[in-house]
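Remember, predicted model here, so these are calculated numbers, not experimental data.
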Amino acid sequence: LQKEPLVIRNISYLPQGDATAFLRENADFFEEKALGIVYAGGLLAGRRLERLVETVDRLGGCKLMLLGNGPAQKMLEAEIRQNNNPRLRLCPAVPYAELGAILSHFDIGYLFYGNDSLNNLYCAPNKIYEYASVGLPVLANDNPTVKAIVEQAGIGVCDDDIERGLRRLSTETETCRKNMKRFIAENSLESEMNLLRSAVGAL
């Protein structure tokens with residue numbers, strides 16, 4: 001190509017809505033003193049959510065909430081029920097307006113983009129920005145696109161070994177939170193919009 005394509009990143013920051021009812025319904029979970037890990041998204045096979053459940057169940061001092069719907073929901077419900085661990089919880093997807101208020105009560109946000117297709121290898125991971133907008137350090141698998149964003153900015157850990165990544169990130173959460181203010185300032189939605197306006201205006 002004579003000119004490199006313009007990439008507009010999938011930046012989205014969560015609104016701070018009202019999640020009072022959800023927090024009240026799950027008060028026992030949020031009152032539990034433990035490192036809070038959350039996954040918010042589609043409950044899909046291949047995202048290693050069952051391994052995440054298994055890891056948190058095995059480790060002490062952690063709790064996990066899965067927020068979402070999808071074809072892996074029944075499988076994950078069965079696993080959580082079998083573990084009989086009150087620190088593991090699966091909840092249906094919540095309205096987008098409430099998501100920021102809910103996620104702000106956690107310590108780490110989990111996401112997964114596989115390395116099995118070009119679509120995943122060159123993903124546009126909006127979840128990174130959503131987690132960052134509520135101060136959530138990111139725990140992710142070792143996807144090159146995600147890793148380039150997360151670890152370069154110092155806002156999380158990317159490791160295919162969930163337990164190893166979680167142990168490392170649990171000692172770095174405060175540092176990650178400090179780095180997020182700069183990350184958000186340097187990766188604003190407005191800056192992406194300006195890039196697009198400039199490109200369209202030049203046509």
Side-chain angles (χ1 to χ4, degrees), residues 14 19-96 98-117 119-120 123 125-128 130-131 134-143 146-147 150 156-173 176:
L14 293 171
T20 304
F22 181 90
L23 297 173
R24 185 170 55 244
E25 290 167 6
N26 294 278
D28 59 323
F29 178 88
F30 288 106
E31 288 168 0
E32 184 76 28
K33 301 299 182 185
L35 184 74
I37 303 152
V38 65
Y39 167 80
L43 303 180
L44 305 174
R47 292 194 173 177
R48 300 182 184 173
L49 297 173
E50 69 284 353
R51 196 175 301 176
L52 179 64
V53 170
E54 176 190 311
T55 300
V56 173
D57 182 55
R58 188 173 63 253
L59 295 177
C62 299
K63 60 183 178 180
L64 169 68
M65 178 176 285
L66 304 178
L67 269 173
N69 304 319
Q73 183 170 340
K74 289 186 177 180
M75 178 268 290
L76 291 165
E77 285 175 345
E79 182 177 356
I80 290 173
R81 189 164 52 247
Q82 181 178 352
N83 289 332
N84 193 30
N85 184 341
R87 291 183 172 183
L88 301 173
R89 185 156 301 184
L90 191 156
C91 297
V94 298
Y96 190 75
E98 298 178 12
L99 192 56
I102 295 170
L103 297 188
S104 64
H105 288 267
F106 289 88
D107 303 296
I108 290 172
Y110 174 81
L111 61 86
F112 182 90
Y113 285 87
N115 294 310
D116 55 343
S117 68
N119 186 59
N120 281 333
C123 57
N126 65 309
K127 191 64 65 182
I128 293 175
E130 292 181 347
Y131 284 162
V134 291
L136 271 184
V138 175
L139 175 64
N141 63 304
D142 194 357
N143 172 288
V146 173
K147 189 171 186 176
V150 169
V157 169
C158 297
D159 196 322
D160 285 334
D161 185 318
I162 293 177
E163 181 174 343
R164 183 174 61 198
L166 182 56
R167 288 185 183 278
R168 179 183 157 197
L169 185 54
S170 66
T171 67
E172 300 176 7
T173 53
C176 290

For this session: Could you tell me the separation between the CZ atom of R164 and the OG1 atom of T55, rounded to the nearest 0.5 Å?
Result: 12.0 Å
Problem set entry | Under 3.5 Å: donor-acceptor pair, side chain of N85, backbone of R87 | yes
Exercise. Which pair of non-hydrogen atoms, one from L76 and one from L90, has the smallest distance, and what is that distance?
Worked result: CB-CD1, 3.7 Å
Problem set entry | Sidechain-backbone polar pair: N141 side chain, C158 backbone, donor-acceptor under 3.5 Å | no
Problem set entry | Heavy-atom donor-acceptor pair, D107 side chain to L35 backbone, under 3.5 Å | no
For this session: Could you tell me whether a side-chain N or O of K63 sits under 3.5 Å from a main-chain N or O of F29, the two making a donor and an acceptor?
Result: yes
Exercise. Hey, what do you get for CZ (R168) to CD (E172), rounding to the nearest 0.5 Å?
Worked result: 5.0 Å
Exercise. With no hydrogens and no angle check, is any side-chain donor or acceptor of D160 less than 3.5 Å from a backbone partner on D142?
Worked result: yes
Problem set entry | Separation between CG of N119 and CG of D116, rounded to the nearest 0.5 Å | 9.0 Å
For this session: Using only heavy-atom distances, determine whether the side chains of Y113 and R47 contain a donor-acceptor pair under 3.5 Å.
Result: no
Exercise. Where do C62 and V56 come nearest, in terms of heavy atoms and distance?
Worked result: CB-CG1, 3.8 Å
Exercise. Do any N or O atoms from the side chain of K127 and from the backbone of A40 form a donor-acceptor pair under 3.5 angstrom?
Worked result: yes
Exercise. Can you find a heavy atom in the side chain of H105 that is under 4.5 Å from one in the side chain of L23?
Worked result: yes
Problem set entry | Smallest separation among heavy atoms of V150 and V157, with atom names | CG1-N, 3.9 Å
Exercise. Do D28 and R89 pass the side chain to side chain contact (heavy atoms under 4.5 Å, CB included) test, and can you show the C-alpha distance, the side-chain angles, and the key distance before you say yes or no?
Worked result: CA-CA 11 Å; D28 59 323; R89 185 156 301 184; 2.8 Å; yes
Exercise. So, are R81 and E77 salt-bridged, with charged N and O less than 4.0 Å apart?
Worked result: no
Exercise. Going from CG on L52 to CD on E79, what distance comes out if it is rounded to the nearest 0.5 angstrom?
Worked result: 9.5 Å
Exercise. Is the backbone of L111 close enough, under 3.5 Å, to the side chain of Y131 for a donor and an acceptor to pair up by distance?
Worked result: no
Problem set entry | Shortest non-hydrogen contact between P86 and N84, atoms and distance | CD-O, 3.8 Å
Seminar exercise, completed: Residues A19 and E98: closest non-hydrogen pair is CB-O, 3.9 Å
Seminar exercise, completed: Which of L88, I37, V53 passes side-chain contact (heavy atoms from CB on, under 4.5 Å) with L66? Answer is V53
For this session: Would you confirm whether N26, through its side chain, and F22, through its main-chain N or O, come within 3.5 Å as a donor-acceptor pair?
Result: yes
Exercise. For the side chain of N143 and the backbone of N120, is there at least one donor-acceptor N/O pair under 3.5 Å apart?
Worked result: yes
For this session: Give the intermediate values and the outcome of side chain to side chain contact (heavy atoms under 4.5 Å, CB included) for residues Y110 and V38.
Result: CA-CA 6 Å; Y110 174 81; V38 65; over 6 Å; no
Problem set entry | Pairwise distance CZ(R167) to CG(L169) - rounded to 0.5 angstrom | 13.0 Å
For this session: Check for a donor-acceptor pair, side chain of D159 on one end and backbone N or O of I162 on the other, with a separation under 3.5 Å.
Result: no
Exercise. Given the side-chain rings of F106 and F30, with only the six-membered ring counted for Trp, is the space between their centroids under 6.0 Å?
Worked result: yes
Seminar exercise, completed: Rounded to the nearest 0.5 angstrom, the OG1-CZ distance for T20 and R24 is 7.0 Å
For this session: For L44 and A72, work out which heavy atoms get closest and say how close.
Result: C-CB, 3.9 Å
